[in-house]
Amino acid sequence: MHSLRGLYAITDSHLLAGERFMPWVDAALAGGARLLQYRDKSADPARRRDEATQLKSLCEYYGAQLIINDDLLLASELQVGLHLGREDGCLGEARQQLGDQAIIGATCHASLEFASEAQEAGASYIAFGRFFQSVTKPGAPAATPCLLEQARKQFHLPIVAIGGVTLHNAPQLISSGASLLAVVNGLFGAPSPAEVERRARGFSELFQTL
Ligand SMILES: Cc1ncc(COP(=O)(O)OP(=O)(O)O)c(N)n1
Ligand SMILES: Cc1nc(C(=O)O)sc1CCOP(=O)(O)O
Ligand SMILES: [Mg+2]
């Protein structure tokens, strides 16, 4: 089983448009991202399959785990992990299709009940959020760090914190119980690959010290 602790980078088709895509992702992985989620909402299956295939090779090179957002078929084709939101299908069916070794994560918003259901259904991690103002998903329901402390006491699964995460606010989330920090804009909003890698190293080092 994979050690699910550290930086969880999530791609964004706007931030990583055009030439930025591979250099920015490569920098995040070089900086120590342990999980990479391919999150693309476009309706272009050929481009999505091509990009996901490139990301799978890059993750294998860095020893990181690739997670596909929403799309069980694509995750199954590539034999990689999957993240499911509340509207993205049945986690139990995904577990049956992807097998016991696949990493399958569940969105739990601010609900310990959702997390309990996800654990029952076979989730590999439970994700709570949003903790701060999110540029990427401003309307996501809000959660508080004390929820992480409750979740750490109640569940044995790795706990993901997401939503407006930055190097500045990350330490309190880790101290409260987050095993993984899922980051979009706080990582990929950087103006250069060098800055992406610097931020990724900064997030990764927090998990060594806290
Ligand atoms: C690690 C992680 N946590 C939460 C989400 C949000 O998933 P969802 O609610 O399905 O929303 P979309 O990301 O699909 O817009 C996530 N993707 N990753
Ligand atoms: C994809 C996503 N899901 C969320 C949730 O609360 O479930 S918040 C979010 C956006 C995360 O992007 P950023 O790091 O730029 O805030
Ligand atoms: Mg989703």
Side-chain angles (χ1 to χ4, degrees), residues 2 4-17 20 24-25 28 33-43 48 52 55 64-75 80-91 93-94 102-112 114-115 117-119 121 123-145 147-148 151 155 157-170 173-174 177-190 195-196 199-200 202-203 206:
H2 322 287
L4 295 186
R5 180 172 170 77
L7 174 61
Y8 185 168
I10 300 185
T11 67
D12 179 281
S13 49
H14 308 293
L15 291 176
L16 303 183
R20 287 192 169 207
W24 263 241
V25 173
R34 300 307 306 133
L35 270 66
L36 175 72
Q37 182 180 127
Y38 179 59
R39 181 173 182 269
D40 179 280
K41 297 288 184 178
S42 71
R48 283 163 45 81
L55 294 181
Q65 305 300 322
L66 180 61
I67 309 291
I68 304 294
N69 189 41
D70 296 337
D71 189 341
L72 170 57
L73 189 62
L74 183 55
V80 295
L82 177 70
H83 182 87
L84 292 177
R86 301 292 298 170
E87 317 292 324
D88 297 329
C90 169
L91 198 145
E93 281 169 25
I103 297 173
I104 306 177
T107 289
C108 302
H109 295 309
S111 169
L112 295 170
F114 288 173
E117 290 165 8
Q119 178 174 261
S124 311
Y125 67 74
I126 43 181
F128 297 102
R130 61 171 169 77
F131 287 92
F132 305 102
Q133 276 308 322
S134 170
V135 170
T136 309
K137 269 197 107 165
T144 62
L147 176 81
L148 293 171
F155 302 104
L157 288 174
I159 293 169
V160 176
I162 189 168
V165 178
T166 65
L167 281 166
H168 175 71
N169 62 38
L173 296 175
I174 299 170
S179 336
L180 289 149
L181 295 180
V183 190
V184 181
N185 199 60
L187 177 65
F188 288 125
E195 176 60 12
V196 172
R199 294 181 186 185
F203 282 113
L206 288 174

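One-based numbering, in listed order, for ligands and for the atoms of each.
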Any idea which protein heavy atom is nearest atom 10 (C) of ligand 2, and the distance to it?
Ser134 OG, 3.5 Å

Please confirm whether the backbone N or O of Ala140 pairs with a side-chain atom of Arg130, one donor and one acceptor, at under 3.5 Å?
yes

Which atoms of ligand 2 sit under 4.0 Å from any heavy atom of Arg130?
6 (O)

With only distance considered, is Lys137 within less than 3.5 Å of ligand 2 through an N or O on each side?
no

What do the steps show when you test Asp71 against Tyr38 for side-chain contact (heavy atoms from CB on, under 4.5 Å), and what is the final call?
CA-CA 10 Å; Asp71 189 341; Tyr38 179 59; over 6 Å; no

closest protein heavy atom to atom 15 (O) of ligand 2 is Thr136 OG1, 2.5 Å

The side-chain contact (heavy atoms from CB on, under 4.5 Å) partner of Tyr125 among Leu157, Ile103, Ile159, Ile104 is Ile103

Do Val160 and Ile126 have side-chain heavy atoms sitting under 4.5 Å apart?
no

Just distances here: any N/O of Asn69 and N/O of ligand 1 closer than 3.5 Å?
yes

Quick one: does ligand 1 sit under 4.0 Å from the side chain of Glu87, the backbone, both or neither, non-hydrogen atoms only?
neither

Could you tell me, atom by atom, which parts of ligand 1 come under 4.0 Å of a heavy atom of Ile10?
18 (N)

Is there a polar contact between ligand 1 and Tyr8, counting only N or O atoms under 3.5 Å apart?
no

protein heavy-atom neighbour closest to atom 11 (O) of ligand 1 works out as Lys137 NZ, 2.9 Å

Would you confirm whether Trp24, through its side chain, and Ala190, through its main-chain N or O, come within 3.5 Å as a donor-acceptor pair?
yes

Show the atoms of ligand 2 that are less than 4.0 angstrom away from any heavy atom in Gly129.
6 (O)

Distance filter under 4.0 Å to Asp70 heavy atoms, resulting ligand 1 atoms
10 (O), 14 (O)

Would you name the N/O/S atom of Asp88 that lies closest to the Mg ion (ligand 3)?
OD2

So is Ile67 close enough to ligand 1, meaning a heavy atom under 4.0 angstrom away?
no

Give the atoms of ligand 2, by number and element, whose distance to some non-hydrogen atom of Ala140 is under 4.0 Å.
6 (O)

Could you tell me the residue and atom name of the protein heavy atom closest to atom 5 (C) of ligand 2, and the distance to it rounded to 0.1 Å?
Ile162 CG2, 3.7 Å

Taking atom 2 (C) of ligand 1 as the reference point, the nearest protein heavy atom with its distance
His83 CE1, 3.4 Å

Under 4.0 Å from any heavy atom of Ala127, which atoms of ligand 1 are there?
3 (N)

Any chance you could lay out the side-chain contact (heavy atoms from CB on, under 4.5 Å) test for Val196 and Leu187, step after step, and finish with the verdict?
CA-CA 6 Å; Val196 172; Leu187 177 65; 4.0 Å; yes

So which heavy atom in the protein is nearest atom 14 (O) of ligand 2, and how far is it from that ligand atom?
Val184 N, 3.0 Å

Return a yes/no value for Gly164: is any of its N or O atoms, backbone included, closer than 3.5 angstrom to an N or O of ligand 2?
yes

From Leu112 atom CG to Glu117 atom CD, the distance as rounded to the nearest 0.5 Å:
11.5 Å

Per-atom filter on ligand 2: closer than 4.0 angstrom to a heavy atom of Gly163 are 8 (S), 16 (O)

Could you tell me which non-hydrogen atom of Pro158 sits nearest to which non-hydrogen atom of Ser124, and how far apart they are?
CD-O, 3.2 Å

Which protein heavy atom lies closest to atom 1 (C) of ligand 2, and at what distance to 0.1 Å?
Arg39 NE, 3.6 Å

Where the side chain of Arg199 meets the backbone of Gly186, is there a donor-acceptor pair that is under 3.5 Å apart?
yes

Can you name the nearest heavy-atom pair linking Ala182 to Ile10, along with the distance?
CB-CD1, 3.8 Å

Report the C-alpha distance between Phe203 and Leu181 in whole Å, list the side-chain angles of each, state the deciding distance to 0.1 Å, and finish with yes or no for side-chain contact (heavy atoms from CB on, under 4.5 Å).
CA-CA 8 Å; Phe203 282 113; Leu181 295 180; 4.2 Å; yes

Might you work through the side-chain contact (heavy atoms from CB on, under 4.5 Å) test for Leu173 and Phe131, ending with a clear yes or no?
CA-CA 9 Å; Leu173 296 175; Phe131 287 92; 3.8 Å; yes

N or O contact, Gln133 vs ligand 2, cut-off under 3.5 Å:
no

Are any non-hydrogen side-chain atoms of Ile162 and Phe128 less than 4.5 angstrom apart?
no

Has the side chain of Arg5 got a donor or acceptor atom that lies under 3.5 Å from a matching backbone atom of Leu180?
no

What is the name of the N/O/S atom of Asp70 that is nearest to the Mg ion (ligand 3)?
OD1

Among all protein heavy atoms, pick the one closest to atom 14 (O) of ligand 1 and tell me residue, atom and distance.
Lys41 NZ, 2.7 Å

Have a look at ligand 1 and work out which part of Arg86, if any, has a heavy atom under 4.0 Å from it: side chain, backbone, both or neither.
neither

the protein heavy atom lying closest to atom 15 (O) of ligand 1 turns out to be Arg39 NH2, 2.8 Å

Answer yes when Asp70 and Lys41 have at least one side-chain N-carboxylate O distance shorter than 4.0 Å, and no when they do not.
yes

To check your reading of the model: name the closest protein heavy atom to atom 18 (N) of ligand 1, its residue, and the distance in Å.
Gln37 NE2, 3.1 Å

Whether Thr107 side chain and His109 backbone form a donor-acceptor pair below 3.5 Å
no

Return the CG to CZ distance between Asp40 and Arg48, rounded to the nearest 0.5 Å.
5.0 Å

Under a 4.0 angstrom heavy-atom cut-off, which atoms of ligand 2 come close to Asn185?
13 (P), 14 (O), 15 (O)

With atom 10 (O) of ligand 1 as the reference point, say which of Asp88, Thr107, Val183 has the nearest heavy atom.
Asp88

